[in-house]
Amino acid sequence: MILEKIKKPNDIHKIPLSDFPQLADEIRAFLIESVSKTGGHLASNLGVVELTLALHNVLDFPEDKLIWDVGHQAYTHKILTGRKEEFSTLRKEGGLSGFPKRKESDCDSFDAGHSSNSISAGLGYVRARDLLGQKYHVVSVIGDGALTGGMAYEALNNAANLDTNFIIIINDNNMSISKNVGGMSNYLSALRTAEVYTGMKMKVTKTVKKIPKVGTSMVDTMRRTKNSIKQLFIPGMLFEDMGLTYLGPVDGHDMRLMMRLFNEAKRVKGPVVVHVLTEKGHGYEPARKQPDRFHGTGPFEISTGESLAKPGAPSYTDVFSMAMCEMGKANKKVTAITAAMPEGTGLKRFAKAYPERFFDVGIAEEHAVSFAAGLALGGMIPVAAIYSSFLQRAVDQLLHDVCMQKLHVVLAVDRAGLVGADGETHQGNFDISYLSMMPNLTLMAPKNGWELGEMLKFAVDGDGPFAIRYPRGTAYQGLSEFKTPIEMGKSEVLFRGKKIAILALGSMVEVCEKVYRQLTELGYEPTFVNVRFVKPLDTKLLDELSKDHGLFVTVEENVKNGGFGEHVCAYMEACHPKCRVLPVAIWDRFVDHGSVDSLRAKIGLSAPEIVEIIQEHPEELS
């Protein structure tokens, strides 16, 4: 096998070009076999095998810098830089990350995980390189889906001022996770279909170059001239009009053609965009036919592509999906917004039922939130479903455009808390901190699936900004006998005891039910509270419990700084200083990848660890 010859960075330079097609096949087979066991991002990685091979052929690592936007398509890059043997540990605790990580390899130039930032990072590398008088190449790879993010245009605008080489590759597969939407998608579609232009451009270039003495200089002049032949076939060439040289489009599965174009790009004195057309899921029919399903997949049967996971109870996303359809049927003002995640957020069902009230804005969370503000001002009730870690991008828009104006916008904050295998960039451990600081915002978290549906109804029927945070995974079905109606700012007391008050928020109610049972078995009589509302804080309940409780234990799946526990601490210190508050939360850190249960145990958020922490304070328990 040719793949066995790849042991370390740059080993690919020893492989004859004639063997590259076989190497691509071997890598693709390895990826399918490996991801079928571990799970991971498959379709995106299958689409860039040839692109990655071509890049590694023309670059040297770690001297040259290759920056992947999002980074979930970097599996082949990891293989070619000597990490093939670690793929059995992919996305497992202590194992290989599913994204580029500088701590893993010097060949990973930038820690990725979020979208639309690769051009900015690459431009920073370029400026640093030139200031230090260094000579390496910088390549940023960005998907056509990521180009819907405004940050990409800020960087492109800035890059246009360069008079030194910077290569930007657009990996155009007409997909982000789901099918792309919007003007940029339409624009790139026009470029994709411009085969007449592409073919003629290559022929003209070859012909002119043959002219003795002046041919090469004429080609350079043609490239620099905005009113070139390109304008006759594709009016308003966006990239060239911005001041960036445009090359392509090129078949992203033709390695020799890409290598030729990449080498040409390396010679350009200035920023150059290379437009590469790839197919998501290329080479594996199930992933090619269902690229959104195989974007991020669990273990599956290779022959059929069928998931090996057994059907289980509905997830929180499923519950939200069904509740949204109910809301849409009951109230014609309810609208739904997603930022390129109709499948992941559960809004695909709503989109089918009420297409005129469904809006996919692309990878553009900031725009999604301000767009929701406009919808609210126009008389609609927008529900914006965005993953917790992606909502971080829209903090300014939430604060100024929604909360300052007290607009009735509902945020469905999916994947709040630990998400597991996707790791640091995807853990939703900060939303309580940045949302609870915002005036006028009501922040809630459900204890189980039933409560999520009730909170969504409460928010839709309410007034002003609302955010509901809920975790990834199966919706908790326990404590179903407790169905206290939702009241603004009021917690739900599940069991009334004395001395110890366990205040559990959202996903931590399930964990703290075990804590409550274990403490009861140990002879304690704790009070167990389903907090429900981070904001407004249920100060009335805190006042009441302070009369016969010495220890308050707050439990949340969020960082401690700015979290629910700190809000309780501040109130109790001001009003009931004799009571001890023990915040159980994530300390000042980023949480790496691994299973959620394992990570909780590691950071002190599992039931045994919480019980142990409580027992370390006997003076408050006596």
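Numbering of residues begins at 1 and proceeds along the displayed sequence. Since we're looking at a predicted model, the values are computed, not measured.
The structure places CG of L308 at 9.5 Å from CD of E306, a figure rounded to the nearest 0.5 Å. Residue T335 holds its OG1 atom at 7.0 Å from CZ of F350, rounded to the nearest 0.5 Å. Distance check, rounded to the nearest 0.5 Å: CZ of R91 to CG of L96 gives 11.0 Å. In this structure, L505 CG and T554 OG1 are separated by 9.0 Å, a value rounded to the nearest 0.5 Å. Rounding to the nearest 0.5 angstrom, the gap separating the CZ atom in F294 from the OH atom in Y284 is 5.0 Å. Summarising the geometry, atom NZ belonging to K78 is positioned 8.0 Å from atom OH belonging to Y75; distances are rounded to the nearest 0.5 Å.
For the pair K560 and D588, the salt-bridge criterion is not met [side-chain N within less than 4.0 Å of a carboxylate O]. With respect to E366 and R393, no salt bridge is recorded, no charged nitrogen being found less than 4.0 Å from a carboxylate O. Looking at E33 and K37, a side-chain N of the basic residue comes within less than 4.0 Å of a carboxylate O on the acidic one, giving a salt bridge. Salt bridge status for D592 with K101: absent, with no side-chain N to carboxylate O gap under 4.0 Å.
When the side-chain contact (heavy atoms from CB on, under 4.5 Å) test is applied to K333, the partners found at least two apart in sequence or on another chain are N331, M380, I381.
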Could you tabulate the donor-acceptor pairs under 3.5 Å formed by side-chain atoms of residues 596-604, not counting sequence neighbours?
| unit_1 | atom_1 | unit_2 | atom_2 | d |
| --- | --- | --- | --- | --- |
| S598 | OG | E93 | OE1 | 2.2 |
| R600 | NE | E557 | OE2 | 2.6 |
| R600 | NH2 | E557 | OE2 | 3.0 |

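No more than 12 heavy atoms of other residues, nucleotides or ligands lie within 6.0 Å of CZ in R102, so this atom counts as exposed by the packing criterion. Environment of CD in E86: crowded, with over 12 heavy atoms of neighbouring residues, nucleotides or ligands closer than 6.0 Å. The environment of CZ in F495 is crowded: more than 12 heavy-atom neighbours from other residues, nucleotides or ligands sit within 6.0 Å. Shown here is E301, whose CD atom has more than 12 heavy atoms of other residues, nucleotides or ligands within 6.0 Å. Other residues, nucleotides and ligands place no more than 12 heavy atoms under 6.0 Å from the CG atom of D106.
No donor-acceptor contact under 3.5 angstrom links the side chains of D543 and S546, judged on distance only. No side-chain donor from either of T425 and D111 sits under 3.5 Å from a side-chain acceptor of the other.
Residues in residues 410-421 take part in no salt bridge (Lys or Arg N to Asp or Glu O under 4.0 Å) pair, two or more places apart or across chains.
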*asked:* As a quick check of understanding, evaluate side-chain contact (heavy atoms from CB on, under 4.5 Å) for E365 and Q397, giving each step before the final call.
replied: CA-CA 9 Å; E365 291 82 7; Q397 289 75 14; over 6 Å; no

_One pair to check against ring pair (Phe, Tyr, Trp, His ring centres under 6.0 Å): F99 and H426. What are the steps and the verdict?_
CA-CA 11 Å; F99 299 88; H426 285 60; 5.1 Å; yes

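Between V319 and L456, every side-chain heavy-atom pair lies at or beyond the 4.5 Å cut-off. Residues P439 and L399 meet the side-chain proximity criterion, which asks for heavy atoms closer than 4.5 Å. Residues F358 and P342 are in side-chain contact: their nearest non-hydrogen atoms beyond the backbone lie under 4.5 Å apart. By the 4.5 Å heavy-atom criterion applied to side chains, N558 and R469 are counted as neighbours. With contacts defined as side-chain heavy-atom distances shorter than 4.5 Å, the pair E454/K483 does not qualify. With contacts defined as side-chain heavy-atom distances shorter than 4.5 Å, the pair H41/D422 qualifies. Using a 4.5 Å heavy-atom threshold, the side chains of F87 and I79 count as touching. For the pair M324 and V334, the minimum side-chain heavy-atom distance is below 4.5 Å.
No donor-acceptor pair closer than 3.5 Å links the side chain of S315 to the backbone N or O of T474.
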